[in-house]
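Each remark here refers to the structure printed beneath this line.
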Amino acid sequence: MKNKIDSLLEKREEALRGAGEERIKQQHEKGKLTARERLEILLDPDTFEETDMFVSQRSTDFGLEKVVIPGDGVVTGFGKIGGRDVAVFSQDFTVLGGSLSETNAEKICKIMETALRIGIPVIGLNDSGGARIQEGVVSLGGYADIFLRNTLASGVIPQISVVLGPCAGGAVYSPAITDFVFMVRDTSYMFVTGPNVVRTVTHEVVTSEELGGADTHATKSGVAHFVYDNEVETLLNVRRLMEYIPSNFMDPVPKRNYRKKGKELREKLNSLIPEGSDKPYDMKEVIAELIDDDFFEVHATFAPNIIIGFAHLGGQSIGIVANQPSVLAGVLDINASIKGARFVRFCDAFGIRLLVLEDVPGFLPGTEQEWNGIIRNGAKLLYAFCEATVPKITVITRKAYGGAYDVMNSKHIRGDYNYAWPSAEIAVMGPKGAVEIIFKKEIASAEDPVAEFHKKVDDYTAKFANPYIAAARGYIDEVIIPAETRKKLIFAFGLLKNKVDRIPKKKHGNIPL
Ligand code: HXC
């Protein structure tokens with residue numbers, strides 16, 4: 001038996017050496033960690049249990065028979081984050097550039113299927129040259145097998161993609177289907193076609209970083225939800241994300257200990273809204289006053305006119321969707337609508353309660369927005385809020401104008417608790433715009449049109465720029481003193497904890513994609 005055990009240990013050692021010291025050195029020289037080093041940072045110490053360590057590739061074409069490395073180009077298995085089980089795969093760039101082979105795909109699919117059966121998240125660390133070119137269609141099939149499992153697992157278990165190197169061609173579509181994408185500045189990039197193809201086809205000259213680097217995807221395309229300066233910071237923030245999300249759609253959302261401190265009043269909120277209705281303020285200051293500790297912002301630099309992210313409130317993990325009056329006055333445009341909608345759907349799928357903080361002047365006008373489909377894209381956010389059955393609470397801090405009033409989790413679309421601050425202005429449109437339309441003739445024929453315009457604006461403001469007409473109809477459940485908001489939210493989320501709501505039986509809805 002001893003011989004057999006020794007032989008097993010030897011085989012294990014060979015697998016751990018991977019493609020060898022030289023390749024590992026090259027990986028480090030690029031400022032990147034190896035597949036196993038990454039897992040050590042991601043997972044709780046000594047919790048990684050590797051699977052399929054001895055699986056190696058089967059191809060004999062183009063000299064591949066000489067590159068048979070145990071484990072092939074991916075490390076797979078299970079481990080723990082904060083004591084909770086997760087399934088992981090970590091592509092090993094030192095083996096044929098982490099390229100995806102038939103056996104590679106089989107290993108990944110295997111842990112995905114297990115994760116789906118037992119209800120635990122899948123975290124994929126991507127660092128790959130794409131489809132293993134020597135294998136041809138077999139490798140493409142492997143990608144499709146992964147895409148299918150990504151799709152079937154969507155909404156059942158959280159799926160997180162961490163891009164730590166190249167991720168190009170069709171390979172990008174696995175991260176794209178997953179719930180969150182993390183990237184690292186300067187060492188990771190994602191694109192469907194690289195700079196060379198771009199130069200040939202469109203004659204644009206662009207670097208990899210410009211075309212598909214971390215900041216590009218975090219600000220321009222919205223593909224990346226989180227971006228950090230190095231791999232360690234990135235992996236530690238994946239751990240942090242796990243503090244807010246459950247292991248599957250049926251499990252309870254993680255909780256933290258919460259001890260009520262005093263009356264939970266936040267006096268600063270009484271003076272945060274500026275006197276002039278057109279003056280900006282930072283909604284993140286409102287968020288900071290309302291939540292227990294830190295705000296974990298998602299998509300921080302993409303469409304910053306809307307804020308989304310996770311926090312704990314009264315110990316409970318919640319998702320926050322908030323207009324940001326300090327960016328484009330908090331207007332809803334195409335990107336803001338898409339960003340908000342996907343987040344609302346993630347939270348709803350995984351039972352994470354939603355808090356909406358509303359100060360929105362409406363949808364952004366203009367040909368650019370109309371021609372690019374603000375109608376169908378704005379509808380995504382509306383659809384997502386309408387469909388969501390988790391506890392949903394709205395606080396209108398100031399403007400709630402036009403269609404945006406309806407969209408931002410209004411009472412009419414099943415908002416459970418709708419609060420307004422006394423500074424709320426709830427109307428079809430802002431006073432100036434409204435007066436220009438409905439009093440056009442009267443103003444034009446007045447002796448002093450300017451004075452008449454201002455008088456009408458004052459009249460309209462006095463009548464509509466407040467929360468009381470909506471409150472009189474029951475569209476607002478309570479007009480509250482801002483300082484009391486945290487206390488009210490803890491009460492309301494507590495009240496709603498056993499909420500049951502349904503959508504009609506169907507195969508699936510048809511969200512305007
Ligand atoms: C096989 C690959 C490979 C691949 C890299 N390697 N990519 N082997 N299939 N796709 C091998 C290299 O031959 C090399 O082996 C080793 O990995 C390291 O690669 P280098 O090129 O030396 O590394 P680097 O200079 O860092 O460049 C990395 C890279 C480049 C930018 C990723 O390797 C590259 O352009 N690879 C091809 C990318 C590509 O076009 N993939 C197909 C995309 S289409 P040796 O032994 O020489 O060191 C696709 C379709 C998916 O993926 C469709 C799904 C629907």
Side-chain angles (χ1 to χ4, degrees), residues 17-35 38 56-69 71-75 89-109 112 124-152 161 163-178 181 183-201 206-214 216-217 223 231:
R17 276 196 300 274
E21 282 306 317
E22 187 51 36
R23 297 274 181 182
I24 292 174
K25 198 169 145 242
Q26 287 167 7
Q27 178 84 344
H28 286 159
E29 279 166 3
K30 286 179 190 159
K32 301 200 298 183
L33 299 170
T34 64
R38 288 166 175 162
S56 51
Q57 59 95 4
R58 304 176 189 122
S59 177
T60 52
D61 289 326
F62 302 104
L64 273 191
E65 71 280 0
K66 292 186 215 113
V67 199
V68 178
I69 295 171
D72 206 356
V74 67
V75 181
F89 69 86
S90 182
Q91 291 177 324
D92 184 353
F93 192 85
T94 67
V95 179
L96 290 164
S99 54
L100 189 105
S101 65
E102 177 191 24
T103 46
N104 238 289
E106 284 170 2
K107 284 177 69 171
I108 294 172
C109 288
M112 289 176 85
L125 309 187
N126 296 261
D127 185 2
S128 164
R132 186 161 297 167
I133 297 165
Q134 298 90 328
E135 285 195 6
V137 69
V138 175
S139 169
L140 295 185
Y143 268 121
D145 289 338
I146 295 171
F147 302 156
L148 173 68
R149 282 154 187 81
N150 283 139
T151 305
L152 297 180
S161 296
V163 182
L164 300 164
C167 183
V172 296
Y173 288 111
S174 173
I177 296 171
T178 61
V181 176
M183 289 185 80
V184 189
R185 288 193 182 92
D186 300 326
T187 51
S188 69
Y189 50 88
M190 298 174 77
F191 35 67
V192 173
T193 47
N196 291 343
V197 178
V198 169
R199 192 166 49 240
T200 311
V201 177
V206 68
T207 65
S208 290
E209 191 65 22
E210 286 164 349
L211 183 64
T216 296
H217 284 310
V223 168
E231 293 193 12

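The structure displayed is predicted, hence computed values, not measured ones. Counting starts at 1 for both ligands and their atoms, in listed order. For the numbers below, each heavy atom of this structure counts, side chains included, while hydrogens, waters and symmetry mates do not.
- Partner of Gln27 under the side chain to side chain donor-acceptor pair (under 3.5 Å) criterion, chosen from Asp127, Thr34, Thr94: Asp127.
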* **Audit row: Asn104, Arg132, side chain to side chain contact (heavy atoms under 4.5 Å, CB included) steps and yes/no** => CA-CA 10 Å; Asn104 238 289; Arg132 186 161 297 167; 3.7 Å; yes

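- Residue-level contacts of ligand 1 at the 4.0 Å heavy-atom threshold are Arg23, Lys30, Phe93, Leu96, Gly97, Ser99, Gly129, Gly130, Ala131, Arg132, Ile133, Gln134, Leu140, Tyr143, Phe147, Pro166, Ala168, Gly170, Ala171, Tyr189.
- Screening Asp92, Leu33, Val75 for a side-chain contact (heavy atoms from CB on, under 4.5 Å) with Arg38, the sole residue that qualifies is Leu33.
- The one candidate from Asn126, Ile146, Leu125 that meets the side-chain contact (heavy atoms from CB on, under 4.5 Å) condition with Phe89 is Asn126.
- When each of Glu106, Glu65, Glu135 is tested with Arg58 by the rule salt bridge (charged side-chain N to carboxylate O under 4.0 Å, His left out), just one qualifies, namely Glu106.
- Using a 4.0 Å cut-off between charged side-chain N and carboxylate O, Lys25 and Glu21 make no salt bridge.
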